[in-house]
There are 2 protein chains.
Amino acid sequence: MNTFAHQTLKTYDLRHTGCREAILMAFYEQPTALSHGHLEELLPNLYDRVTIYRTLKTFVEKGIVHKVLDEDGIRYALCKTACSHQHHHHDHVHFKCVACGQTTCLETIVIPQIALPNGYKSQEINLLVQGTCLSCNVTIDSNTY
Amino acid sequence: MNTFAHQTLKTYDLRHTGCREAILMAFYEQPTALSHGHLEELLPNLYDRVTIYRTLKTFVEKGIVHKVLDEDGIRYALCKTACSHQHHHHDHVHFKCVACGQTTCLETIVIPQIALPNGYKSQEINLLVQGTCLSCNVTIDSNTY
DNA sequence: CTGTGTGCAAACACTTTGCAGGTGT
DNA sequence: ACACCTGCAAAGTGTTTGCACACAG
């Protein structure tokens, strides 16, 4: 029984099941945001497609993971420490590499203040940066020589 | 024959057809981003679902409209003057009102410089702000009294 | 033991593809 | 006249729902 998964499920008052543990571990081990399809590949034939959908939905509702939107669809990533149980913060910066296709959560970057038009109120901000990541840039550069 | 639609189609080297004119007019008249579903409702039974899909795809490829991502899926909005034919700029700020569900393009707001981690290169930035818009705030406030 | 989670089947929604015929230039 | 656009049918993909059984607490 894995400690991280066990702790997380306990914290959020969810039953400890194989599928939930496996998905939590997948997120824990992968530094990138995962789509439903990714999870299906990572946990081949272990759990039903539908169960994965339902598990993801549960995790989003509980605030364990958050949705990441990019051009290819919806992905999910763990909410890090900044998201406590009560005080869930929703401002996320995501980086999508157009070369390798990986999407990562940039936890360290703070979104600057945005001046909205008068009368508009902001609740949540999502920033998606698309470009090339460190390892892909290295590859591209070395191929250039 | 509508001037705006006619001009746009001419500029982008596209044939002038009923469906294309109707969709361009819909975007022109609506200040908000439209999804495929919205267009189907706005142009009821005039054109086939498939034709609307294909028209949208064509417009995106030509740079006439751009995709807007929000939690509910993909929408489209006209690229304004800042996007010229050759020099297409991809940095967009979108505001989604959680009360009325409308998504608008905030053309006037400039995205601040984001400090990416070393070795990362940015090509395109998308910022989605969610909150309540002017007219919804007015409604909410007046109901409070 | 009880309520929740899972698997399976099926329904549903969204989007793409192939093809024949119609239309703009 | 020709290339391109459209409509229809069908397939493909992603997601949700209903129900019976299994399992965690």
Side-chain angles (χ1 to χ4, degrees), chain A residues 1-3 5-26 33-62 64-76 101 103, chain B residues 1-3 5-26 33-62 64-76 101 103:
Chain A
M1 192 182 290
N2 174 270
T3 310
H6 189 251
Q7 256 316 115
T8 306
L9 292 171
K10 200 167 185 181
T11 306
Y12 289 92
D13 240 341
L14 291 171
R15 290 194 181 168
H16 183 269
T17 68
C19 181
R20 287 173 178 173
E21 170 166 347
I23 291 182
L24 281 176
M25 288 317 295
L34 301 173
S35 67
H36 177 272
H38 292 140
L39 288 168
E40 253 188 302
E41 290 170 19
L42 287 171
L43 322 171
N45 300 327
L46 285 179
Y47 304 100
D48 194 88
R49 233 213 278 309
V50 176
T51 304
I52 299 178
Y53 276 116
R54 289 196 266 228
T55 305
L56 286 171
K57 185 180 248 181
T58 305
F59 285 180
V60 169
E61 283 166 5
K62 290 284 182 174
I64 300 174
V65 303
H66 61 271
K67 285 191 186 183
V68 181
L69 304 161
D70 69 30
E71 306 253 338
D72 301 329
I74 299 174
R75 301 183 184 206
Y76 302 86
T103 302
Chain B
M1 190 181 293
N2 172 271
T3 310
H6 189 252
Q7 257 316 113
T8 306
L9 291 172
K10 200 167 185 180
T11 305
Y12 289 91
D13 240 341
L14 290 172
R15 291 192 181 171
H16 183 271
T17 67
C19 181
R20 289 175 176 172
E21 170 164 350
I23 291 183
L24 281 176
M25 287 320 294
L34 302 172
S35 68
H36 177 273
H38 292 140
L39 288 168
E40 253 188 302
E41 289 168 20
L42 287 172
L43 323 171
N45 299 328
L46 285 179
Y47 303 101
D48 193 87
R49 232 213 276 313
V50 176
T51 304
I52 299 178
Y53 275 116
R54 287 197 266 228
T55 305
L56 286 171
K57 184 180 249 183
T58 304
F59 285 180
V60 169
E61 284 166 3
K62 290 283 183 175
I64 300 174
V65 303
H66 61 271
K67 284 190 185 184
V68 182
L69 303 162
D70 70 31
E71 306 254 334
D72 300 329
I74 299 174
R75 300 181 185 208
Y76 303 86
T103 301

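Because the structure is a prediction, the values reported are computed rather than measured. Residue numbering restarts at 1 for every chain, and letters A, B, ... go by the order of the sequence lines.
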Where the side chain of [X] is concerned, which of [options] is the nearest nucleotide?
{"X": "His16(A)", "options": "dG25(D), dA9(D), dG5(C)", "result": "dG25(D)"}
{"X": "Tyr47(A)", "options": "dG7(C), dC8(D), dT25(C)", "result": "dG7(C)"}
{"X": "Lys57(A)", "options": "dT17(D), dG14(D), dT6(D)", "result": "dT17(D)"}
{"X": "Thr17(B)", "options": "dT17(C), dT16(D), dG24(C)", "result": "dG24(C)"}

(request) Would you classify Leu46(B) as touching base, sugar-phosphate or nothing, given that sugar-phosphate means primed atoms plus P, OP1 and OP2, and contacts are heavy atoms under 4.0 Å? (result) sugar-phosphate
(message) By the 4.0 Å heavy-atom rule, please label Ile74(A) as base, sugar-phosphate, or nothing.
(response) nothing
Could you tell me the separation between the [atom1] atom of [X] and the [atom2] atom of [N], rounded to a whole number of Å?
{"X": "Arg49(B)", "N": "dT17(C)", "atom1": "CZ", "atom2": "C1'", "result": "15 Å"}
{"X": "Ile52(B)", "N": "dG7(D)", "atom1": "CD1", "atom2": "P", "result": "9 Å"}
{"X": "Leu69(A)", "N": "dG14(D)", "atom1": "CG", "atom2": "P", "result": "17 Å"}
{"X": "Leu56(A)", "N": "dG5(C)", "atom1": "CG", "atom2": "C1'", "result": "14 Å"}
{"X": "Asp13(A)", "N": "dG3(C)", "atom1": "CG", "atom2": "P", "result": "16 Å"}
{"X": "Glu21(A)", "N": "dG5(C)", "atom1": "CD", "atom2": "P", "result": "16 Å"}
{"X": "Asp48(A)", "N": "dT15(D)", "atom1": "CG", "atom2": "P", "result": "14 Å"}
{"X": "Leu43(B)", "N": "dT6(D)", "atom1": "CG", "atom2": "P", "result": "12 Å"}

(request) Please state whether the base of dG7(C) and the side chain of Arg54(A) form at least one donor-acceptor pair under 3.5 Å? (result) yes
(message) Could you measure the distance from the CG atom of Leu24(B) to the NE2 atom of His16(B)? Nearest 0.5 Å is fine.
(response) 8.5 Å
(request) Nearest 0.5 Å please: distance from the CG atom of Leu46(B) over to the CG atom of Leu39(B). (result) 11.5 Å
(message) Go nucleotide by nucleotide along DNA chain D from the 5' end; which of Cys19(B) and Val50(B) gets its closest nucleotide reached first?
(response) Cys19(B)
(message) Less than 3.5 Å apart, any donor N or O on the side chain of Thr3(B) or His6(B) sitting next to an acceptor on the other?
(response) no
(request) With the side chain counted from C-beta on, respond yes when Ile74(B) and Val68(B) share a heavy-atom pair under 4.5 Å apart, and no when they do not. (result) no
(message) Check the phosphate of dA3(D) against Arg15(B), side-chain N and O only, distance under 4.0 Å to OP1 or OP2. Yes or no?
(response) no
(request) Return no unless some side-chain N or O of Tyr53(A) is found under 4.0 Å from OP1 or OP2 of dT16(D). (result) no
(request) Please tell me which of Gly18(B) and Gly37(B) maps to the more 5' nucleotide of DNA chain C, matching each residue to the nucleotide holding its nearest heavy atom. (result) Gly37(B)
(message) Using the side-chain contact (heavy atoms from CB on, under 4.5 Å) definition, which of the options Ile52(A), Thr58(A), Thr51(A) pairs with Thr55(A)?
(response) Thr51(A)
